[in-house]
Asker: 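Dropping the structure in here first, questions after.
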Amino acid sequence: MKNITGVVIGFIVGVAGFLFLFKIIILNRIAPEDELAPGIVVLASVLNGVLFAFAGSFLQKKLTK
């Protein structure tokens, strides 16, 4: 479990950070009548999580050496 800690924390921070910023930046500025495709938002969130997971893994490898 110690080996994947950076990946898990990076993924969680990436997904949560994207969704939080999406709510603050995008959802507060559009009209309630406009429809957004929720699948695209989730896909972008997961892709951002994967990017942060990679960064977390890289950072964990650099810090443990």
Side-chain angles (χ1 to χ4, degrees):
M1 185 67 186
K2 193 167 84 172
N3 297 343
I4 62 168
T5 304
V7 173
V8 170
I9 291 173
F11 183 79
I12 291 171
V13 167
V15 169
F18 177 81
L19 290 176
F20 178 71
L21 288 176
F22 185 79
K23 165 129 179 53
I24 297 296
I25 295 171
I26 304 295
L27 288 182
N28 287 340
R29 297 206 167 116
I30 63 170
E33 297 84 28
D34 291 341
E35 292 186 22
L36 291 174
I40 297 298
V41 175
V42 171
L43 180 66
S45 177
V46 169
L47 289 177
N48 193 36
V50 169
L51 180 68
F52 271 77
F54 176 72
S57 172
F58 181 74
L59 187 62
Q60 181 181 6
K61 286 180 185 176
K62 286 294 183 181
L63 291 177
T64 56
K65 287 186 177 181

Asker: What are the two closest non-hydrogen atoms of Leu19 and Ser45, and how far apart are they?
Answerer: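 Distance-wise, the nearest heavy atoms are CG-OG, 3.7 Å.
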
Asker: How many angstroms lie between atom CD1 of Ile30 and atom CG of Leu36, to the nearest 0.5 angstrom?
Answerer: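 Going from the CD1 atom of Ile30 to the CG atom of Leu36 covers 4.0 Å.
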
Asker: How close do Phe18 and Val41 get, heavy atom to heavy atom, and via which atoms?
Answerer: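 Heavy-atom minimum between the residues: CE2-O, 3.7 Å.
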
Asker: How many angstroms lie between atom CD1 of Ile9 and atom CD1 of Ile4, to the nearest 0.5 angstrom?
Answerer: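 Rounded to the nearest 0.5 Å, the CD1-CD1 separation comes out at 10.5 Å.
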
Asker: Can you name the residues that form a side chain to side chain contact (heavy atoms under 4.5 Å, CB included) with Leu63, not counting sequence neighbours?
Answerer: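 Checked Leu63 against side chain to side chain contact (heavy atoms under 4.5 Å, CB included); matches are Leu59.
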
Asker: Taking transitive links into account, so neighbours of neighbours count too, which hydrophobic residues share a cluster with Leu43 at under 4.5 Å side-chain distance?
Answerer: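 In the cluster with Leu43 are Leu47.
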
Asker: Show which residues join Ile40 in its hydrophobic cluster (side-chain heavy-atom contacts under 4.5 Å, direct or indirect), or state none.
Answerer: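 Traced through the cluster, Ile40 reaches no other member.
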
Asker: Taking side chain to side chain contact (heavy atoms under 4.5 Å, CB included) as the test, write out the residues that go with Phe54, two or more places apart.
Answerer: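 Result, side chain to side chain contact (heavy atoms under 4.5 Å, CB included) vs Phe54: none returned.
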
Asker: So, for Gly49 and Val15, which heavy atoms are closest and what is the spacing to 0.1 Å?
Answerer: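 In terms of heavy atoms, the two residues are closest at CA-CG2, 3.8 Å.
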
Asker: Which residues pass the side chain to side chain contact (heavy atoms under 4.5 Å, CB included) test with Ile12, not counting sequence neighbours?
Answerer: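 Per chain and number, Ile12 pairs via side chain to side chain contact (heavy atoms under 4.5 Å, CB included) with Val8.
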
